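The sequence lines fix the lettering, A, B, ..., with proteins before strands; numbering per chain opens at 1. What you see is a predicted model, and the numbers here were worked out from it, not measured in a lab.
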2 protein chains.
Amino acid sequence: MKLYKGSHKHLVAVDCIIFAYDIAEKEIKLLLIKRSIEPAKGKWSVAGGFVQDDESLDAAASRVLKRLTGLDHMHLSQSSTYGSLNRDPGARVISVSYSALIKIQDLSPDAAGLYHAHWRSILKLPELIFDHGTMVADALENLREQIKRKPVGFELLPEKFTLVQLQDLYEALYQRPVDKRNFRKKILAMNILEKLDEKEKETSRKGAWYYRFIRERYQVLTRNGFYFNLDVN
Amino acid sequence: MKLYKGSHKHLVAVDCIIFAYDIAEKEIKLLLIKRSIEPAKGKWSVAGGFVQDDESLDAAASRVLKRLTGLDHMHLSQSSTYGSLNRDPGARVISVSYSALIKIQDLSPDAAGLYHAHWRSILKLPELIFDHGTMVADALENLREQIKRKPVGFELLPEKFTLVQLQDLYEALYQRPVDKRNFRKKILAMNILEKLDEKEKETSRKGAWYYRFIRERYQVLTRNGFYFNLDVN
DNA sequence: CCAAAAGTGTTCGAATTACACCCATGA
DNA sequence: TCATGGGTGTAATTCGAACACTTTTGG
C-alpha cells in the first residue's frame, strides 16, 4: 500500500547544539565541528547530519552526536525546526535542532582532537555556516529562560560543586553580577542541595564547601506543586 | 551539482493547531477537520498537509490552513516537530506543528460548513488521529505558559472586550477561579488597556465597560524592560 | 600577620494575597 | 423593588533588593 503518492520528499537533518560550562574560565562553551563535506567544507558548524529512513528524529540526533563527538547517552531536547528554502546552499534541507547541556568532563580528554570537535566560548563564536548562528542564538535564549525556572544549571556542573561555582555559572549565563547573599539564601531555601563534608581547596585558602543536587528531593517537591524560580536580582 | 546524494528523503507535513475563545460559552475551542484521505479517512484531526518542494515550512502552514479552513493571514508560530517512525500508519511522515490564536469571528460564519472545519471545546475533544492528541496537549501547555508572560490573551478576544470577559478567558485556560479585584488591579496597573466610552449590555442590566488593548503602548513599555506578568492567584 | 576568597543577616519597600459590600439597571 | 452581574479598597503578609563585615587559612 503506497499512500501519499505524489507528495514531495525532503532531506531532513538534525543539528546538535551542545553547551558545556567551563568552571575554570567561568564561561559557557559551545561544541563546534569543522565541516567535512561540501558545501562550506572546513567551515565551523554545530554537529549535524541527515535523518535516515529507519530512525526517529531523536535517534538521529543521538547517532549524529555520537559519531561526530563520541558523546553518548546525552539528554538531547528538541529546540526548533528550520525550513527556509535556501538555508543550505547545497540543497533544500529541513533541519531540526536539538540542544543538550553536558558536564565538560563527560567529554573524554582526547575526544576533541579525535573527532575534530572544539569547544568555543559563546562570547566569541566564529562565523558559523548557514543559519547555525541563528540556531545557536535561539537555543541560548531558550537556555537562559530555562535556567530561571528549572534546575538545569546542575546539568552543567559536576556532581560536587560549590555555591560559588553555581553562582558563577548563573553570572556567565546572564552576563551580569548576582548578589551573593540573596543567591545563596534563595537556592538554599529550596532545600534541594545537600552540603557535603568536603571542601574545594583549589581556589582559596579557606576552601568552599561542596554541595550536591538532590534530584529525588526536587522531584518530590515538584510533584507537590513546588516551583523552581532562580530569577536573580 | 548534486550534493548530499544517497541521503534518504522524507515526507514532511505541517499541522496547524488553531485555538479560539468562545466568549459566550467561556471555553477555549480547537479547530478540527474531518480527514479526507486514507488512512484514517473521516476521523478527526487538526488541519495538516504536506510541505511542497518550493515552500518554506511557515509558508506551507499558511497554505494548508487557508486551503482547509479559509483562514488567511494568521499569525502561526512553530511549536514542535514530531518524528517517531510509526506516528502515521500510512507512511513515515515527519510533522512540524504550528499553532495560532484567533478571534472566533475571524472565521466567516459559513466557512465551517464549507470547509468541514469544526470548533470543539478543548475540554471535550474527540479522539484525534495519530499523535495529534499529543500535539494539541503540547501546544496547549505552551499556551498556558505564554499567557502568563505575554499579552496573548488579546489575540483571542475581539477588539473591544470587558474586563469580565478577559478574566473569564484566564479562568477558562487555567481551569480555576481568579480573584476579581486582584485581577483587575494587576491588569489595569500595566497601563496597556484603554477604557472606551461604551458598555457591553448583553449580559447584564448594569452593563460592563468595554476596553481596548493598546498594542503600541505595550510595545513601548516592552522596549523599556517592562515585563508582562499575569500570573494570577 | 596578611592577602584572598568564603560565608553570613537585617532592613526597607514593593508586590501579592485574602476578603465583602455597594452600584446601576431593566424588568 | 428586587434580582443580576459589575465594580471597588484595605490590611496583612510575603518576597525581593540593597547592602558590609567577619571568618578561615596558607604562605
Side-chain angles (χ1 to χ4, degrees), chain A residues 23-26 147-149 157 160-172 174 176-212 221 225-233, chain B residues 23-26 147-149 157-158 160-172 174 176-212 221 224-233:
Chain A
I23 291 185
E25 310 245 346
K26 302 181 187 171
I147 200 164
K148 293 178 185 171
R149 325 207 177 283
L157 288 172
K160 300 184 294 188
F161 53 87
T162 69
L163 294 184
V164 176
Q165 290 169 344
L166 184 58
Q167 182 180 341
D168 285 344
L169 166 58
Y170 274 79
E171 291 182 336
Y174 291 162
R176 65 181 146 84
V178 164
D179 184 276
K180 185 163 48 154
R181 283 178 283 189
N182 293 338
F183 180 82
R184 284 163 176 253
K185 210 186 308 169
K186 205 158 179 177
I187 189 77
L188 289 175
M190 289 183 189
N191 219 34
I192 50 176
L193 295 187
E194 182 186 15
K195 187 188 208 164
L196 304 180
D197 259 337
E198 191 187 350
K199 277 188 164 183
E200 188 277 331
K201 307 275 292 176
E202 306 283 302
T203 48
S204 78
R205 306 195 204 288
K206 185 178 178 181
W209 291 106
Y210 273 124
Y211 285 78
R212 187 173 79 82
L221 288 171
F226 165 80
Y227 195 50
F228 185 93
N229 177 354
L230 208 47
D231 209 340
V232 276
N233 285 26
Chain B
I23 291 185
E25 311 245 347
K26 301 179 187 173
I147 199 163
K148 293 179 186 171
R149 326 206 176 284
L157 287 172
K160 301 184 294 187
F161 53 86
T162 70
L163 294 183
V164 176
Q165 291 169 342
L166 184 58
Q167 183 181 339
D168 286 344
L169 166 57
Y170 274 79
E171 291 182 337
Y174 292 162
R176 67 181 145 84
V178 164
D179 184 276
K180 186 162 48 154
R181 284 178 284 193
N182 294 338
F183 180 83
R184 285 161 175 253
K185 208 188 310 169
K186 205 156 179 179
I187 188 77
L188 288 176
M190 288 182 189
N191 219 35
I192 51 175
L193 294 186
E194 182 187 14
K195 188 188 208 166
L196 303 180
D197 261 337
E198 191 186 350
K199 277 188 163 182
E200 189 276 330
K201 307 275 293 177
E202 307 281 303
T203 47
S204 79
R205 306 195 204 285
K206 184 177 177 180
W209 292 106
Y210 273 124
Y211 286 78
R212 188 174 77 83
L221 288 171
N224 301 337
F226 164 80
Y227 195 50
F228 186 93
N229 177 354
L230 207 49
D231 209 340
V232 275
N233 287 25

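Applying the side-chain hydrogen bond (donor to acceptor under 3.5 Å, both in side chains) test to B:Arg212 and every residue at least two apart in sequence or in another chain returns B:Glu194. Under the salt bridge (charged side-chain N to carboxylate O under 4.0 Å, His left out) criterion, A:Lys186 pairs with no residue, sequence neighbours left out.
Judged by distance alone, the side chain of B:Gln167 and the main-chain N or O of B:Val178 form a donor-acceptor pair under 3.5 Å. The backbone N or O of B:Phe226 sits nowhere less than 3.5 Å from a side-chain atom of B:Asn224 that would complete a donor-acceptor pair.
The environment of NZ in A:Lys199 is crowded: more than 12 heavy-atom neighbours from other residues, nucleotides or ligands sit within 6.0 Å.
Counting non-hydrogen atoms under 4.0 angstrom, A:Lys201 reaches the backbone sugars and phosphates but no base. Residue B:Thr162 is out of contact with every strand shown, counting any heavy-atom pair closer than 4.0 Å. Residue contacts for A:Lys186: at a heavy-atom cut-off of 4.0 Å it reaches the sugar-phosphate backbone alone, with no base atom in range.
Counting atom types as modelled, A:Lys206 pairs a side-chain N or O with a base atom of C:dA6 as donor and acceptor under 3.5 Å. Interface remark: the B:Lys180 side chain does form a donor-acceptor pair with the D:dG7 base, using a distance-only criterion of under 3.5 Å. Between the side chain of A:Lys185 and the base of C:dT10 there is at least one donor-acceptor pair of N/O atoms closer than 3.5 Å. Residue side chain B:Arg181 reaches the base of C:dA20 through a donor-acceptor N/O pair under 3.5 Å, judged by distance alone.
Atom CG in A:Leu230 sits about 10 Å away from atom P in D:dG16, given to the nearest Å. One interatomic measurement links the two molecules: CE of B:Met190 to C1' of C:dA15, which rounds to 12 Å at whole-angstrom precision. In this structure, CG of A:Leu188 is placed 11 Å from P of C:dG9, rounded to the nearest angstrom. Put simply, CG on A:Asn229 is 16 Å from P on C:dA15, counting in whole angstrom units. The separation between A:Gln167 atom CD and C:dA6 atom C1' is 11 Å, rounded to whole Å. Atom CG in A:Asp168 sits roughly 8 Å away from atom P in C:dA6 (whole-Å rounding). Rounded to whole angstrom, the span from the CG atom of B:Asn182 across to the C1' atom of D:dT14 amounts to 14 Å. In this structure, the CZ atom of B:Phe161 is 15 Å from the P atom of D:dG6, given to the nearest Å.
Of the side-chain N and O atoms in B:Arg184, one or more sit less than 4.0 angstrom from OP1 or OP2 of D:dG7.
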